[in-house]
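Here is the structure we will look at.
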Amino acid sequence: MPDSGVHGALVVLEPSLGGDTMATALGIPPSRHMIRRHLTTELEALVLPARYVVFCQPPPNEGPEPR
């Protein structure tokens with residue numbers, strides 16, 4: 001599945017996946033709090049706008065409104 005976007009979709013669609021979860025999955029120890037905080041900041045900058053589009057925006061109109 002290279003270049004399929006599946007991993008990015010998983011990150012966006014799984015709300016429990018945050019910076020701490022990602023840091024733990026990557027094996028970054030809790031004692032490296034500066035690296036973990038930086039990872040959280042960068043991950044949120046990428047993921048939160050995409051999550052907003054997926055979860056918060058109303059779906060586009062599928063056609064003209066009935067009269």
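What you see below is based on every heavy atom in this structure, not just the backbone, and it leaves out hydrogens, waters and symmetry mates.
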Sub-3.5 Å donor-acceptor pair from the side chain of Arg51 to the main-chain atoms of Glu44, do we have one?
no

For a quick test of your reading: what N or O donor-acceptor pairs under 3.5 Å do the side chains of residues 13-29 make, sequence neighbours left out?
from  : atom 1 : to    : atom 2 : distance (Å)
Glu14 : OE2    : Ser16 : N      : 3.4
Glu14 : OE2    : Ser16 : OG     : 2.6
Thr21 : OG1    : Ser16 : O      : 3.4
Thr24 : OG1    : Asp20 : O      : 2.9
Thr24 : OG1    : Arg36 : NH2    : 3.3

Least distance between heavy atoms, Val12 atom then Val47 atom:
CA-CG1, 4.2 Å

